[in-house]
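Below you'll find the structure, written out as structure tokens, and then a few comments.
Chain letters run A, B, ... following the sequence lines, proteins first and then strands; every chain starts at 1.
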Amino acid sequence: MFDRSFFARTSVEVAPGLLGAHLVSGEVVLRITEVEAYLGVGEDPGSHSFRGRTNRNQVMFGEPGHLYTYFTYGMHVCANVVCSPAGTSGGVLIRAGEIVEGREIAAARRHTSRTSADLARGPARLTVALAITLADGGTDLASGPLRLELPAAASDYESGPRTGVSGDGGGAEYPWRFWIPGDPTVSPYKAHAPKKRP
DNA sequence: TATGCGATTGCCT
DNA sequence: GGCAATCGCATAG
């Protein structure tokens, strides 16, 4: 099932509802176990859209329920689901999940992972496992080979500070990381490296 | 135009 | 546990 209006709310409201959802990419299906919410213009210093619309983040200002992809650290692609109504911005970063179908295909793409839990544990790892690239940015996740299927029932979840978000006024104080408790595919929490104090 | 760093990962010690 | 890899984006000048 896919309900567009589900995504037309703030990313913090949407994020826990994505736990247990299936992200389908061709033959490979991911069960989402960990996400992070990023809000919009002027609301969230950790968000790519904090300073307004740019060429990179423009899809976050479009129709909710689409895919926002970005390139980082010179080598990695991460995937978000666009939230909040068109004209406003926000997104939910898919941080980790369990491959529930097409495990052999995903493992072939992820030749460095040794265990099945490692296949899609981490935002850049799961895009490799699902073969999601920058070219998939803007895709409508309602239908097609790359799509999102919402869970029938809400999952239990825990929340805490986001990973990789700087602590000094960067929005690390907000508990906008959500995960399914006890799931082995949830990435271990790692606080952002503190900046040097002169 | 120049420069610093990031919503990370994997290899090295 | 520590750090290199690697380049697009945003900010400063």
What stems show up for DNA chain B when you take Watson-Crick pairs (N1-N3 plus N6-O4 or O6-N4) and G-U wobbles (N1-O2, O6-N3), both under 3.5 Å, and require three or more consecutive pairs?
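So the stems come out as B:1-6 with C:7-12, B:8-12 with C:1-5.
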
Applying salt bridge (Lys or Arg N to Asp or Glu O under 4.0 Å), name anything that partners A:Glu13, two or more places apart in sequence or on another chain.
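Listed in chain order: nothing, the list is empty.
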
Polar side-chain atom of A:Asn57 near backbone of A:His48 as donor-acceptor pair, under 3.5 Å
yes

Whole Å only: how far is the [atom1] atom of [X] from the [atom2] atom of [N]?
X        : N      : atom1 : atom2 : answer
A:Asn57  : B:dA7  : CG    : C1'   : 13 Å
A:Arg114 : B:dC11 : CZ    : P     : 8 Å
A:Leu134 : C:dC9  : CG    : P     : 9 Å
A:Leu93  : B:dG6  : CG    : P     : 16 Å
A:Ile94  : B:dT8  : CD1   : C1'   : 16 Å

Over all strands shown, is A:Arg110 touching base, sugar-phosphate only, or nothing at heavy-atom distances under 4.0 angstrom?
sugar-phosphate

Name the nucleic acid region contacted by A:Asn55, choosing base, sugar-phosphate or nothing; use a 4.0 angstrom heavy-atom cut-off, strictly under.
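Nothing: the residue A:Asn55, judged by heavy atoms under 4.0 Å, touches no strand.
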
At under 4.0 Å, does any side-chain N or O of A:Thr54 touch on OP1 or OP2 of C:dC9?
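Result: no.
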
Tell me every residue that passes side chain to side chain donor-acceptor pair (under 3.5 Å) with [X], counting only those two or more places apart in sequence or in another chain.
X        : value
A:Arg53  : none
A:Arg125 : none
A:Ser143 : none
A:Arg31  : A:Glu98, A:Asp183

Taking N or O atoms only and anything under 3.5 Å, show me the protein contacts with nucleotides 5-8 of chain C, one pair per line.
unit_1, atom_1, unit_2, atom_2, d
C:dT6, O2, A:Tyr73, O, 2.6

Within residues 41-50 of chain A, those residues having any heavy atom closer than 4.0 Å to DNA chain B are A:Gly46, A:His48

Give me the residues of residues 120-133 of chain A where at least one heavy atom lies under 4.0 Å from an atom of DNA chain B, by number, or none.
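Close to the strand are A:Gly122, A:Pro123, A:Ala124, A:Arg125.
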
Hey, are the side chains of A:Asp136 and A:Thr127 touching, using non-hydrogen atoms and a 4.5 Å cut-off?
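No, side chains not in contact.
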
Atom of A:Ala117, atom of A:Pro184 and distance for their closest heavy-atom approach:
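Result for this residue pair: CB-O, 4.0 Å.
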
Pairwise P distance for B:dA7 and C:dG1, with rounding to whole Å
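One P to the other, the span is 23 Å.
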
Using the test ring-ring contact (aromatic ring centres under 6.0 Å, His included), find all partners of A:Tyr38 that sit at least two apart in sequence or belong to another chain.
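A:Tyr38 satisfies ring-ring contact (aromatic ring centres under 6.0 Å, His included) with no residue once adjacent residues are dropped.
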
State whether the number of non-hydrogen atoms from other residues, nucleotides or ligands found under 6.0 Å of A:Asp156 atom CG is greater than 12.
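Counting other residues, nucleotides and ligands, CG of A:Asp156 stays at 12 neighbours or fewer.
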
Neighbour count >12 (heavy atoms, 6.0 Å) for atom OH, A:Tyr157:
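Counting other residues, nucleotides and ligands, OH of A:Tyr157 stays at 12 neighbours or fewer.
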
Test: salt bridge (Lys or Arg N to Asp or Glu O under 4.0 Å). Region: residues 137-147 of chain A. Which pairs qualify, not counting sequence neighbours?
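Matches after skipping sequence neighbours: A:Arg4-A:Asp140, A:Arg147-A:Glu149.
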
Which residues satisfy the side chain to side chain contact (heavy atoms under 4.5 Å, CB included) test with A:Ala129, sequence neighbours excluded?
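Side chain to side chain contact (heavy atoms under 4.5 Å, CB included) check on A:Ala129 returns A:Ile99, A:Ala106, A:Arg110.
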
Using 0.5 Å steps for rounding, measure from the CZ atom of A:Phe178 to the CD1 atom of A:Ile32.
14.0 Å

Hey, is A:Tyr70 stacking on B:dA7? Ring centres under 5.5 Å, planes under 30°.
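Base of B:dA7: not stacked against A:Tyr70.
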
